[in-house]
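One structure below.
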Amino acid sequence: MSITQINQNLIQVNRWRFVNAFLVREDDGFTLVDTTVRGGADEFVAAARGAGGEIKRIALTHGHGDHVGSLDALKERLGGSVEVLIPELDARILDGEKVVEGKPSGSWPTVKTKPDVRLKEGDRVGSLEVVSSPGHTPGHVAFLDTRDRTLIAGDVFTSYGHVAVTSHFYLRFPFATMATQDRGADLESARKLRGLDPSALLVGHGPATRDPGAAMDAAIAAAQRAAS
Ligand SMILES: [Zn+2]
């Protein structure tokens, strides 16, 4: 696990050098955005305590295995003291409901934990605003910190080497594209997130990008070329 303080409200927790979760500071403790793969529960609790608080909420960008992996173990540890928030459509897929034709793309593990809240566009999670950004998964959401316009964009973008949209193959990290459900919708979501004019871009896979406007523009242009 490696911990990077992004700004006063945000800590990036990276596991296995390939997947990130985020601790977002609030008055009552932390919101953990995503949980990476299995085996991370103790590390997340320790990281939050090390930064001076407890995990009060767990909010997911989407339901893929590399983002929900430590959810059940965290819920077991934290019990009723933690609220779990999962995007509406992805919660329904995890619940075994059929929301797309055929098998949904990417890995959808069995998750015992039921969400307390099913997230939709415009909901608030502490200081974070929920931004619906479907495509990578049917229910994918991003989180915009309303205090400083930091954007946690989940798997709409990756940032290894440079920022890329997951709607097209990029050799540094092809896995995210293979797992993408609807590439057209994913690219549309990338444009929507760019339009938020974020001050920093945080993603599920790759390092933080400050002042990401130009990098997001270039990523969207490359994705558009690949799609045409
Ligand atoms: Zn991912």
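Indexing begins at 1, ligand by ligand and atom by atom, following the structure's order.
The existence of a salt bridge linking Lys56 and Glu26 is excluded, since no basic side-chain nitrogen approaches an acidic carboxylate oxygen closer than 4.0 Å.
Our summary of the site lists the angle at the Zn ion (ligand 1) between OD2 of Asp66 and OD2 of Asp155 as 160°, to the nearest 10 degrees.
The six-membered or imidazole ring of His140 lies away from that of His67, with a centre-to-centre distance of 6.0 Å or more. Residues His205 and Tyr160 keep their aromatic ring centres 6.0 Å or farther apart.
Rounded to the nearest 0.5 angstrom, Lys75 NZ and Lys112 NZ are separated by 11.5 Å.
In terms of distance to the Zn ion (ligand 1), the nearest N, O or S atom of His205 is named NE2.
Put simply, His64 stays out of reach of the Zn ion (ligand 1), with no N, O or S atom under 2.8 Å from it. The Zn ion (ligand 1) has no N, O or S atom of His62 closer than 2.8 Å.
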